[in-house]
Chemist: 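The structure under discussion is supplied below as structure tokens; questions concerning it will follow.
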Amino acid sequence: MSKEILMVAEAVSNEKGVDKAVIFDAMEQALAMATKKRYEENANIRVSIDRESGNYESFRWWEVVADDVLAELGTQLTTEEAEECDATLQVGDIYEEAVDNVEFGRIAAQIAKQVIVQKVKDAERELIIDRFRHRVGELLSGTVKKVTRDHIIVDFGDNAEGILPREELVGREIFRVNDRTRAILQSIREETRGPQLNLSRSVPEMLVQLFQIEVPEISEGIIEIKSAARDPGQRAKIAVKSKDARIDPVGACVGMRGSRVQAVSNELDEERVDIVLWDDNPAQLVINAMAPAEVESLIIDEDAGSMDVAVNEENLAQAIGKGGQNVRLASELTKWTINVMTTEDAAKKQEAESSDVVAILMEALDVDDDVATVLVDEGFTSVEEVAYVPLDEMKAIDGFDEEIAEELRARAKDALLTRALASEEKLTSKEPAEDLLAMVGMTKQLADQLCAIDVVTMEDLAEQAVDDLLVIDGLDADKAGQLIMTARAPWFEEETEN
């Protein structure tokens, strides 16, 4: 029988290309499982095969646990039970005894085969995962192996398979078995069953890497794709920038008679691709991204990360796009929230906002409508800007001299200080509750002092300790104790009633 074990290990190792140690481990597990079936209760079995001779030994073992622990029948021993076997055993030790070997027969061989096959599959899967782990985000090419209603299985060779869900397809793509396809590797599935690779054709990276293939200048690093946004199967935008002033990045991506961009579009089920010139100026970038619509004007709100884009009324539908597609893709491409409106609406909004700012400046600076309007026309939108803008900028305003500029700045700073103090006072000021004021021995001054340390109600006072109140000036330990006991009086009354 020992020779048979060695022969099985040798044959399987050669056939599957797996190390003999893995095969021996599998056979030891199989023999242990077969031995375990002899016992009615649960049992821990260990089998050790001699790698040279093929002889093997079987052992049953128990873990020693404390007497106050409920020992698991068949696998654990209390210290009292363990002492009967070996007086030297301690909690946490393993007691082991030899048992009869089972024959390495048909059942054991079948179990060993199942274990070996599973170990081989696990090893192959781990190899595939290691092979693709560094390729997440890359474009992979494979062959369609299986098509179901929910997904497509793509074969990449050497037992590597990917799953491409229907929702990750582009438009109304139809695939058949043996079709060639390309997709982005999004992630790797660590589970032990099913395809190992998660794929997508709808992510923006798909568009970017197709352009890298079709446009040599991109793969060579002369042209850079700065951003991409997609509505898969319908429309997409990419922003490109050239590192060589002699090369037009938009023209290079379009290609002769549109050949390059058309090749990308054909791969993506005729998805329309707009190529946008990148600009480091956010305003110009948004103008470029809104193409083909022409932008008349825009207002930037950097704090909110948004821009109000004004277009002529006849261009409004084109600027927004079908279902808001154009403005949505432009927003994704530029990372700015874009609000599209007509020039008339933009003028009304700006006028309304200017009126609000004028009113705020008139009140804060104590100036008339004319002065506040001049400040707004010069671009001032808040009291903070008036307070901290360089003096030279304010002196440059027509009709303003140094004296006027300094006076306005001083008024603005005073207004900000007043606002800050009012805000702080609002946060910190607290009024004592009526039950606290009505207590025997309480005065308004003392109640206000208690509020300053967050004691607002009689219940709050009842929960205090004497030491907590000694921070109040003029309050000694006796007086503090009397106040606390008075506040706790309702507690004792409730206990008496109960």
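Sequential numbering from 1 along the given sequence is applied to the chain's residues.
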Chemist: Would you check if there is a donor-acceptor pair between the side chains of T143 and R180 at a distance under 3.5 Å?
Modeler: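 Checked: R180/T143 side chains pair up, N/O donor to acceptor below 3.5 Å.
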Chemist: Identify the heavy atoms of G251 and D248 that sit nearest to each other, and give their distance.
Modeler: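 Shortest heavy-atom separation between G251 and D248 comes out as N-OD2, 3.1 Å.
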Chemist: Test your reading of the model: is there a side-chain donor-acceptor pair from D301 to the backbone of A304, 3.5 Å cut-off?
Modeler: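 Checking the backbone N and O of A304 against the side chain of D301, a donor-acceptor pair under 3.5 Å is found.
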Chemist: CD of E403: more than 12 outside heavy atoms within 6.0 angstrom?
Modeler: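 Atom CD in E403 is not crowded, with 12 or fewer foreign heavy atoms closer than 6.0 Å.
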Chemist: Looking at K322, I'd like to know if its NZ atom is crowded, meaning that more than 12 non-hydrogen atoms belonging to other residues, nucleotides or ligands lie closer than 6.0 Å.
Modeler: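 Count not over threshold, so no.
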Chemist: Going through the distances and angles, do N266 and Q262 end up as a side chain to side chain donor-acceptor pair (under 3.5 Å)?
Modeler: CA-CA 6 Å; N266 291 342; Q262 189 59 49; 2.8 Å; yes
Chemist: Mind listing the closest non-hydrogen atom pair of L207 and K237 along with its distance?
Modeler: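 What the structure gives for the nearest pair is CD2-O, 4.4 Å.
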Chemist: Could you check whether R328 pairs with D231 (Lys NZ or Arg NE/NH1/NH2 to Asp/Glu carboxylate O, under 4.0 Å)?
Modeler: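 Salt bridge flag = yes for D231 with R328.
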Chemist: Ignoring hydrogens and geometry beyond distance, is a side-chain donor-acceptor pair present between K145 and N178 at under 3.5 Å?
Modeler: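 K145 vs N178: no donor-acceptor pair found between side chains.
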Chemist: Do N198 and S187 pair up side chain to side chain, a donor and an acceptor below 3.5 Å, judged on atom types alone?
Modeler: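 N198 vs S187: donor-acceptor pair found between side chains.
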Chemist: Report yes if the side chains of V264 and F211 come closer than 4.5 Å at any heavy-atom pair, otherwise no.
Modeler: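 Side-chain contact under 4.5 Å: yes.
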Chemist: Give me the atom names and distance for the closest heavy-atom approach of A487 to M439.
Modeler: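 Smallest heavy-atom distance, with atoms named: N-CE, 4.0 Å.
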Chemist: With no hydrogens and no angle check, is any side-chain donor or acceptor of N326 less than 3.5 Å from a backbone partner on A319?
Modeler: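 Judged by distance alone, yes, a pair lies under 3.5 Å.
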Chemist: So, are D280 and K241 salt-bridged, with charged N and O less than 4.0 Å apart?
Modeler: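 Judged by the 4.0 Å cut-off on N to carboxylate O distance, D280 and K241 do form a salt bridge.
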Chemist: What is the distance from atom CG of L437 to atom CD of E434, rounded to the nearest 0.5 Å?
Modeler: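 Spacing of CG (L437) from CD (E434) equals 8.0 Å.
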Chemist: Would you say R182 and L140 make side-chain contact, with heavy atoms under 4.5 Å?
Modeler: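 Sidechains of L140 and R182: no contact.
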Chemist: About how many Å separate CG of L469 and CG of L450, when rounded to the nearest 0.5 Å?
Modeler: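 Interatomic distance, L450 CG to L469 CG, rounded to 0.5 Å: 6.5 Å.
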Chemist: Starting at CG of D67, measure out to OG1 of T78 and round the result to the nearest 0.5 Å.
Modeler: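 It is 5.0 Å, given to the nearest 0.5 Å.
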Chemist: Closer than 4.0 angstrom, basic N to acidic O: yes or no for R235 and D274?
Modeler: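 Salt bridge: yes.
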Chemist: Show every donor-acceptor pair shorter than 3.5 Å between a side-chain atom in residues 288-299 and any protein atom, with sequence neighbours excluded, or say none if there are none.
Modeler:
from	atom 1	to	atom 2	distance (Å)
N288	OD1	Q284	NE2	2.9
N288	ND2	L277	O	2.9
N288	ND2	Q284	O	3.4
E296	OE2	N312	ND2	3.1

Chemist: Applying side chain to side chain donor-acceptor pair (under 3.5 Å), name anything that partners D130, two or more places apart in sequence or on another chain.
Modeler: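 Partners of D130 under the side chain to side chain donor-acceptor pair (under 3.5 Å) test: R133.
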Chemist: Rounded at 0.5 Å granularity, tell me how far CD1 in I129 sits from CZ in R131.
Modeler: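 Those atoms lie 12.0 Å apart.
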Chemist: When I238 is tested against each of V261, I275, V250 for side-chain contact (heavy atoms from CB on, under 4.5 Å), which residue passes?
Modeler: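 The single option meeting the side-chain contact (heavy atoms from CB on, under 4.5 Å) with I238 is I275.
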Chemist: Could R201 and E173 be called an ion pair, given the rule that one side-chain N must be under 4.0 Å from one carboxylate O?
Modeler: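 Salt bridge flag = yes for E173 with R201.
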Chemist: Assess whether a salt bridge exists between E332 and R230, defined as any Lys/Arg side-chain N lying under 4.0 Å from an Asp/Glu carboxylate O.
Modeler: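 No, no charged N to carboxylate O under 4.0 Å.
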Chemist: Would you compute the distance between atom CE of M341 and atom CG of L316 and round it to the nearest 0.5 angstrom?
Modeler: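 Rounded to the nearest 0.5 Å, the CE-CG separation comes to 10.0 Å.
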Chemist: Please report the closest heavy-atom contact between L185 and R135, naming both atoms and the distance.
Modeler: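 Closest approach of L185 to R135: CD2-O, 3.6 Å.
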Chemist: OG/S306 to CG/N339 distance, rounded to the nearest 0.5 angstrom?
Modeler: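 Those atoms lie 5.5 Å apart.
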Chemist: Please determine whether salt bridge (Lys or Arg N to Asp or Glu O under 4.0 Å) holds for the pair R488 and E459, giving the CA-CA distance in whole Å, both sets of side-chain angles, and the decisive distance to 0.1 Å.
Modeler: CA-CA 8 Å; R488 292 177 180 175; E459 183 72 18; over 6 Å; no
Chemist: Under a plain distance cut-off of 3.5 Å, with no hydrogens placed, do T457 and D460 share a side-chain donor-acceptor pair?
Modeler: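 Judged by distance alone, the side chains do pair up.
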Chemist: Sequence neighbours left out, what passes side chain to side chain donor-acceptor pair (under 3.5 Å) with E385? Give chain and number order.
Modeler: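 Scan of E385 (side chain to side chain donor-acceptor pair (under 3.5 Å), adjacent residues dropped) gives T381.
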Chemist: With distance as the sole criterion, is a donor-acceptor pair present between the side chains of E313 and T342 under 3.5 Å?
Modeler: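 No pair is found: no donor N or O on one side chain lies under 3.5 Å from an acceptor on the other.
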Chemist: Any donor-acceptor pair under 3.5 Å linking the side chain of S265 with the backbone of E271?
Modeler: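 Yes: the side chain of S265 pairs with the backbone of E271.
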